[in-house]
There are 2 protein chains.
Amino acid sequence: MKLQKLYYLSTMKYDEAKSKFLETWGKLGSEWGINRTMAQIHALLLIAPEPLSAEEIMEELNISRGNVNMNVRELIDWDLVNKVLVQGERKEYFSAEKDIWEIAKRVAKERKRREIEPVLKVLEQLSRVEGDKKDKKIKEFANKMGELNNFVSKMDKSVDTMLKADENWFFGSVIKMIR
Amino acid sequence: MKLQKLYYLSTMKYDEAKSKFLETWGKLGSEWGINRTMAQIHALLLIAPEPLSAEEIMEELNISRGNVNMNVRELIDWDLVNKVLVQGERKEYFSAEKDIWEIAKRVAKERKRREIEPVLKVLEQLSRVEGDKKDKKIKEFANKMGELNNFVSKMDKSVDTMLKADENWFFGSVIKMIR
DNA sequence: ATAATCTTTCAATAAATTTTGAAACTTCAA
DNA sequence: TTGAAGTTTCAAAATTTATTGAAAGATTAT
């Protein structure tokens, strides 16, 4: 039993490899605050050579129609998936953005907008806490909020830079400068 | 009621500011796959001028002793918090790493080790799927896994670079090169 | 030793999140 | 129109994750 597993460490059959990928991508998603099923649907569409229908997604992942609908909608909202009209078919089909750099950019853009930007607004506000600046805890609080704001805002700006940058920024030569 | 909120947009009293921070940091944590309470305890220790005891954390956050114990242990495990002996006191006190660059590095290091590295191992394996390379879906699968592996591994290496780099890499001038 | 103080554990419980599936809704062809 | 084919919605159920709190385990002072 253990031996069999070791054997498959070097090569795997397609079906096994596929479910391993769906499982892995789903787990990664949930560790980073993305619904596991959403990540799995994304994984499935990512490796599908052709667009898939809701039916097909239901069957592949053993999930309900409602669940497919909600998560696909969310993926469309993130601009990672789009509806595809297949000629002569009434059903809707779905396909995922296949370019990894694009995927990374869209995820970064969305998380920045939804999660980082609101935090920045709050931090900026908190660094202007009112009160006796001689009070150690108040002074330190304001300082800490200022520091955090500064840090998160630098992160945020770096993400902006990345979003604007050509893919080459990352895959190409510029990255070597900071190695 | 709306007016009052608007007033507080410019300045806030310390206690309000503090709970806003605890709430915000906790929410951010949970959006990124970190337990909300763990993030709140971290936030609390981050702004505390002196180390806090389990009792104090319990009271500040209205949570149970067991919850404090588990989450503080986890924070210690992440190397974000450490036990402090206060002279003449039997109780344990806790304090957080206060340097933001250090915090970022330790979080990055931990998530990389726990979440990214295992995924890399799987992707590498999956890119060597066995089967008929003439089969479109198998060929594309292997390609996609290779691409993903390549991408995630570049990300991973960039994090390594960051971890080894001086704080200056980020706060200083090099960052301007890629702006 | 014994007791007092503090910490840890973990089964039970609560809370939050995800999923289901059937009904309502939409669209389109005949 | 009507109904067949498909999509969406959302309250209820299932599942997952977090929290409690009391008992057991440590540690130190007396």
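Below, chain A is the first sequence line, B the second, and so on; all start at residue 1. In this text the structure is predicted, and so the values were computed from the model without any measurement.
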Visitor: Using a 4.0 Å heavy-atom cut-off, write out nucleotides 19-30 of chain D from 5' to 3' as B (base contacted by protein), S (sugar-phosphate only) or - (no contact).
Guide: SBB-----BB--
Visitor: Taking the nucleotide of DNA chain D with the closest heavy atom to each, which residue, A:Lys91 or A:Arg73, is nearer the 5' end?
Guide: A:Lys91
Visitor: Among residues 18-27 of chain A, which residues get a heavy atom nearer than 4.0 Å to DNA chain D?
Guide: none
Visitor: My understanding is that only residues two or more places apart in sequence, or in another chain, count here; which of them pass side-chain contact (heavy atoms from CB on, under 4.5 Å) with A:Asn82?
Guide: A:Val84, A:Ser95
Visitor: So does B:Glu55 pair up with B:Lys91, basic N to acidic O under 4.0 Å?
Guide: no
Visitor: Under the salt bridge (Lys or Arg N to Asp or Glu O under 4.0 Å) test, which residues partner B:Asp15, sequence neighbours left out?
Guide: none
Visitor: Using salt bridge (Lys or Arg N to Asp or Glu O under 4.0 Å) as the criterion, list what pairs up with A:Arg114, not counting sequence neighbours.
Guide: A:Glu74, A:Asp77, A:Glu110
Visitor: Does anything in residues 27-40 of chain B form a side chain to side chain donor-acceptor pair (under 3.5 Å)? List the pairs, not counting sequence neighbours.
Guide: A:Glu115-B:Trp32
Visitor: Just the endpoints, please: which first and last nucleotides of DNA chain C, 5' to 3', lie under 4.0 Å from a heavy atom of chain A?
Guide: C:dT18 to C:dC28
Visitor: Would you kindly give the CD-to-C1' distance between A:Glu31 and D:dT17, to the nearest whole Å?
Guide: 14 Å
Visitor: Under the side-chain hydrogen bond (donor to acceptor under 3.5 Å, both in side chains) test, which residues partner B:Glu147, sequence neighbours left out?
Guide: none
Visitor: Applying ring-ring contact (aromatic ring centres under 6.0 Å, His included), name anything that partners B:Phe151, two or more places apart in sequence or on another chain.
Guide: A:Phe170, A:Phe171
Visitor: Return the set of residues passing side-chain hydrogen bond (donor to acceptor under 3.5 Å, both in side chains) with B:Asp135 (not counting sequence neighbours), or none when no residue passes.
Guide: B:Lys137
Visitor: Please name all residues satisfying side-chain hydrogen bond (donor to acceptor under 3.5 Å, both in side chains) with B:Lys98, sequence neighbours left out, ordered by chain then number.
Guide: none
Visitor: Salt bridge (Lys or Arg N to Asp or Glu O under 4.0 Å) with B:Lys112: which residues, sequence neighbours excluded?
Guide: B:Glu117, B:Asp156, B:Asp160
